Amino acid sequence: MNSSSKKSVKTAVVAPYFEDLAAAEFCRNLSEHLDSDDYVIVVDDGSVAIPFDAALLIDNGLRGQVVKLVRNVGHQTAICCGISAALNEIEFESLVILDSDGEDKPADIATLVERLHDQSSQTDAVVATRKSRIESRVFKAFYRIYQAFFRILVGREIRFGNFMALSPSAARRLVHTQESRMHVAASLINSRLRIASLSLHRGARYAGKSSMNLVSLTLHGLRSIMVFSETVLVRITLFCALFAAIIVSTMIIMVVIKLAGLAIPGWFSTVGGILILLLLQVAIMSLVVLLSAGNIRSNINNANDYHCLIDGIDYAD
């Protein structure tokens, strides 16, 4: 779309949606905290039983559109489709990403946007970190383990999710970063954009429970690490090299002990065989990691393919 024909809005809100019973409450909440010059883009991620109705936006006095995807592509790709639609059709001063289930509170949108446009600090993105979480102790424990695992493999911290405010240039860079469709938050960290954080309370879900189970949460966490595949590759390779050096050094010491006649009968062959097996496993692990890192990047679809996932757009003006 030509830039001269795009609608000018203050804040564009991108919200992924999938089979949510509380869509009406979400729209009511949005209408209480958005201005008339704001714009809402709901990305319906292939809902079948409960598709999002654009009339909900109109009934609550909201301007916007419902981007309907041809199939369920996942939360992260749906967000990227929404950002792509915003960049193609409207001119905005800031873009906010939030979930439609209530855990990201619409009341906090203004706080994020205000921090983004704070003249005292040059910021490209403002992300919401959590003061508190309404989750079980088991979930919190696994989340801390995931954060530690991420820090060990990547060397950086990830303390935020998808709730964020972006400048137009940041939104453009993020949607054209191939890894964004795997994990938006990790891609933002890897984008070299200037990021500020705000500590906010997590909201309560409007209805029901999260559809994310242990398997899907684990997959989501692994995808955040896959964004930094080269960094992870280097770290694992260095670890394997260090481990291999320790094994070789141990084998040299064993040979010296054997030649000095200090070895217990049968000890040299047993321990030597174990060390050789460990050395082979380290070599195989290094090779697998190297091949996997190459495949990860080659299998990421091009950012310009988002329009192929859009089945249609319902406008609410």
Side-chain angles (χ1 to χ4, degrees), residues 14-16 18 41 43 45-46 67 69 71-88 95-99 123-129 143 146-197 212 215-237 288-310:
V14 173
F18 181 70
I41 298 177
V43 184
D45 189 14
V67 178
L69 304 185
R71 60 181 177 86
N72 181 254
V73 297
H75 198 250
Q76 306 301 295
T77 304
I79 289 173
C80 291
C81 289
I83 298 175
S84 179
L87 291 169
N88 287 335
L95 182 143
V96 174
I97 304 169
L98 84 164
D99 289 336
T123 304
D124 300 308
V126 180
V127 299
T129 57
Y143 186 72
Y146 155 66
Q147 286 183 312
F149 193 59
F150 186 91
R151 187 164 52 250
I152 291 170
L153 287 178
V154 177
R156 306 176 73 171
E157 290 191 349
I158 183 166
R159 300 181 56 211
F160 60 94
N162 300 318
F163 193 21
M164 63 184 71
L166 305 171
S167 66
S169 60
R172 194 173 298 108
R173 172 177 287 202
L174 191 62
V175 83
H176 284 89
T177 300
Q178 292 180 323
E179 295 86 357
S180 292
R181 66 190 310 164
M182 282 198 303
H183 200 284
V184 171
S187 295
L188 182 64
I189 295 174
N190 199 35
S191 67
R192 301 183 183 275
L193 291 167
R194 296 165 296 183
I195 304 173
S197 62
M212 296 280 280
V215 174
S216 55
L217 284 171
T218 302
L219 179 60
H220 184 64
L222 290 175
R223 283 174 173 167
S224 70
I225 296 171
M226 289 164 63
V227 170
F228 298 88
S229 56
E230 285 98 347
T231 301
V232 173
L233 170 64
V234 171
R235 284 176 167 262
I236 292 179
T237 302
V288 168
V289 171
L290 180 62
L291 294 176
S292 298
N295 288 332
I296 286 170
R297 287 202 172 273
S298 63
N299 289 331
I300 299 173
N301 292 330
N302 191 285
N304 294 325
D305 292 339
Y306 292 124
H307 69 278
C308 299
L309 299 174
I310 298 175

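Values below: every heavy atom of this structure, side chains too, minus hydrogens, waters and symmetry copies. None of the values given here were measured: they were computed from a predicted structure.
Residues Tyr306 and Arg181 come closest through the heavy atom pair OH-CB, 3.8 Å. The two residues Tyr146 and Ser224 come nearest to each other via the heavy atoms OH-OG, 2.8 Å. In this structure, Cys80 and Val175 approach most closely via the heavy-atom pair O-CG2, 3.4 Å. Residues Gly46 and Phe18 approach most closely at O-CE1, 3.9 Å, considering heavy atoms. The minimum heavy-atom distance linking Val73 with Ala78 is given by the pair CG2-N, 3.9 Å. In terms of heavy-atom proximity, Arg172 sits nearest to Leu87 at CA-CD1, 3.7 Å.
Partners of Thr129 by side-chain contact (heavy atoms from CB on, under 4.5 Å), not counting sequence neighbours, listed by chain and number: Arg159, Phe160, Ser197, Ser199. In this structure Ser167 satisfies the side-chain hydrogen bond (donor to acceptor under 3.5 Å, both in side chains) test together with Ser169, sequence neighbours excluded. Under the side-chain hydrogen bond (donor to acceptor under 3.5 Å, both in side chains) criterion, Ser191 pairs with no residue, sequence neighbours left out. The salt bridge (charged side-chain N to carboxylate O under 4.0 Å, His left out) search around Asp99 returns none, not counting sequence neighbours. Scored by the salt bridge (charged side-chain N to carboxylate O under 4.0 Å, His left out) test, Arg151 finds Glu157 as partners (sequence neighbours excluded).
When atom types are taken as modelled, the side chain of Ser180 and the backbone of Thr177 share a donor-acceptor pair closer than 3.5 angstrom. Using a distance-only test at 3.5 Å, with no hydrogens or angles considered, no donor-acceptor pair links the side chain of Gln76 to the main chain of Met182. One N or O on the side chain of Asn88 and one on the backbone of Ser84 form a donor-acceptor pair closer than 3.5 Å.
Put simply, CD on Glu179 and CE on Met226 are 10.0 Å apart, with the number rounded to the nearest 0.5 Å. Rounded to the nearest 0.5 angstrom, Thr231 OG1 and Ile225 CD1 are separated by 12.0 Å.
Checking Asn162 against His75 by side-chain atom types alone, a donor-acceptor pair falls below 3.5 Å.
The side-chain heavy atoms of Val43 and Ile79, taken from C-beta on, include no pair separated by under 4.5 Å. Between Ile97 and Ile83, the closest side-chain pair of non-hydrogen atoms falls below 4.5 Å.
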Exercise. Under the side chain to side chain contact (heavy atoms under 4.5 Å, CB included) criterion, do Ile310 and Leu69 qualify, and how do the steps go?
Worked result: CA-CA 4 Å; Ile310 298 175; Leu69 304 185; 4.1 Å; yes
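The stretch residues 185-195 participates, sequence neighbours left out, in these salt bridge (Lys or Arg N to Asp or Glu O under 4.0 Å) pairs: Asp124-Arg194.
Under the side chain to side chain contact (heavy atoms under 4.5 Å, CB included) test applied with Ile158, the options Leu188, Ile189, Val127 reduce to a single match, Ile189.
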